[in-house]
Amino acid sequence: MHNTRPVTVRGYRPGDRAALEDICIRTAHAGEDATGHFAEPEIFPAIFATPYAELEPELVFVVDNGERPIGYVLGTTDSTRFYREFRERWLPTVAERFPAPAEPPAGRDEGLRHLLHHAEAMLVPSLAVDYPAHLHIDLLPEGQHRGLGSRLMTTFVDALRERGVPGLHLGMNPANTRAGAFYRRMGFHEIPPPDGSSETLYFGLRL
């Protein structure tokens, strides 16, 4: 039977965790499914999704198609605090499952393990002053081109404004050109990379 229930944007529930992990994996390869491209695709949510649900669940919102979540937005009001808590509270829960690689890491799979164990490397101190919040937003293909990304982003930005957060930033793979176009439509502006690198594209939004 075809699902005709309305699609809703709602707050995160603990029962959404498996769906959150699934969505993250299926969008982690420059917006495409990471399965088959990485040895441990399940490491992606351990870095980019689940810690937010554990550390700041009130800032996780999902798109629900009436049966399950098909997209999410999640993040933090304070990136500096988040990465400190990531190391202190989150990393010990997954370190045994994804052990740190030898230094220096060899290849992108070891690179992801290294990133998990050094997540604070993603903190850009100069951005965290004016744009202390950051986010990740992902939608499965069935949720794309339906205005749902805009609804998620608006919900998240409104939640930040309610909390008095002055600015929001995000970093993305430059290869994901669709995402870049979306952020520009949502009012974000490109921020020159603080380290001069072209590996990550940064966007900011004043609140």
Side-chain angles (χ1 to χ4, degrees), residues 1-77 79 82-83 85-86 89-98 109 112-113 115-116 119 122 133-160 163 168 170-173 175-176 178-179 182-183 186:
M1 182 176 174
H2 183 63
N3 176 24
T4 57
R5 284 178 283 188
V7 174
T8 58
V9 174
R10 60 168 175 81
Y12 174 79
R13 302 167 186 161
D16 298 328
R17 178 166 169 159
L20 217 65
E21 294 173 344
D22 178 62
I23 295 164
C24 184
I25 291 170
R26 291 168 64 188
T27 56
H29 187 50
E32 306 294 333
D33 195 338
T35 306
H37 294 279
F38 296 85
E40 300 171 311
E42 59 276 6
I43 198 172
F44 282 101
I47 302 171
F48 299 111
T50 324
Y52 296 88
E54 293 296 314
L55 300 173
E56 226 158 327
E58 68 277 9
L59 277 183
V60 181
F61 302 95
V62 302
V63 171
D64 190 323
N65 70 357
E67 296 176 352
R68 69 189 189 285
I70 59 171
Y72 61 72
V73 63
L74 43 77
T76 179
T77 60
S79 298
F82 174 80
Y83 286 116
E85 293 186 351
F86 186 109
R89 297 172 51 194
W90 172 250
L91 182 58
T93 70
V94 292
E96 189 174 330
R97 183 181 179 192
F98 303 108
D109 290 297
L112 284 166
R113 286 196 182 207
L115 184 61
L116 173 67
M122 289 185 280
H134 75 257
L135 67 78
H136 300 281
I137 182 169
D138 291 300
L139 278 167
L140 293 179
E142 68 180 270
Q144 295 172 9
H145 311 297
R146 299 168 62 181
L148 298 174
S150 298
R151 287 174 61 185
L152 280 172
M153 186 69 80
T154 300
T155 300
F156 187 84
V157 168
D158 286 348
L160 293 182
R163 291 161 171 80
L168 163 68
L170 58 89
M172 57 161 278
N173 183 337
N176 194 347
R178 288 181 302 173
F182 167 74
Y183 297 132
M186 294 301 300

Please tabulate, for the side chains in residues 144-151, all donor-acceptor contacts under 3.5 angstrom to protein atoms that are two or more places apart in sequence or on a different chain.
unit_1, atom_1, unit_2, atom_2, d
Gln144, NE2, Leu139, O, 2.8
Arg146, NH1, Glu142, O, 2.8

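Using a 4.5 Å cut-off on side-chain heavy atoms (C-beta onward), Leu59 and Leu160 make contact. In this structure the side chain of Met186 never reaches within 4.5 angstrom of the side chain of Ile137, judged on heavy atoms. The closest side-chain heavy-atom distance from Phe48 to Leu116 is not below 4.5 Å.
Between Tyr52 and His134, the ring planes lie perpendicular to each other; the angle is over 60°, past the 30° to 60° tilted range.
In this structure, OH on Tyr183 lies 6.5 Å from CE on Met172, to the nearest 0.5 angstrom. We find the OG1-NE2 distance between Thr27 and His136 to be 11.0 Å, quoted to the nearest 0.5 Å. To the nearest 0.5 Å, atoms CZ (Phe82) and CG (Leu55) are separated by 5.5 Å. Atom CG in Leu74 sits 9.5 Å away from atom OH in Tyr12 (nearest 0.5 Å). With rounding to the nearest 0.5 angstrom, the CD1 atom of Ile70 is 5.0 Å from the CG atom of Asn65. The CG atom of Asp16 sits 7.0 Å away from the CG atom of Asp64 when rounded to the nearest 0.5 Å.
In this structure, the side chain to side chain donor-acceptor pair (under 3.5 Å) partners of Glu32, at least two apart in sequence or on a different chain, are Arg178. Among residues two or more places apart in sequence or in another chain, the side chain to side chain donor-acceptor pair (under 3.5 Å) test is passed with Thr35 by Asp33. With sequence neighbours excluded, the residues forming a side chain to side chain donor-acceptor pair (under 3.5 Å) with Glu56 are Thr76, Thr77, Arg81, listed by chain and number. Considering only residues two or more places apart in sequence or on other chains, Asp158 meets the side chain to side chain donor-acceptor pair (under 3.5 Å) condition with none of them.
Heavy atoms of other residues, nucleotides or ligands lying less than 6.0 angstrom from CD of Glu96 number 12 at most.
Nearest approach of Ala28 to Ala34, heavy atoms of both residues: CB-CB, 3.9 Å. In terms of heavy atoms, Ile47 sits closest to Pro51 at O-CG, 3.5 Å. Annotation for Pro45 and Ile25: closest pair CD-CG1, 3.6 Å, computed over non-hydrogen atoms. Of all the heavy atoms in Leu152 and Gly71, the pair that sits closest is CD1-C, 4.3 Å.
Applying the ring pair (Phe, Tyr, Trp, His ring centres under 6.0 Å) rule to pairs touching residues 53-73 yields nothing, sequence neighbours excluded.
The backbone N or O of Asp109 sits nowhere less than 3.5 Å from a side-chain atom of Arg113 that would complete a donor-acceptor pair. Side-chain atoms of Trp90 come within 3.5 Å of backbone N or O of Ala46 as a donor-acceptor pair.
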Phe44 vs Phe38, ring pair (Phe, Tyr, Trp, His ring centres under 6.0 Å): CA-CA, chis, key distance, verdict: CA-CA 10 Å; Phe44 282 101; Phe38 296 85; 4.9 Å; yes
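For the side-chain contact (heavy atoms from CB on, under 4.5 Å) with Leu20, the lone residue among Val62, Asp138, Thr50 that qualifies is Val62.
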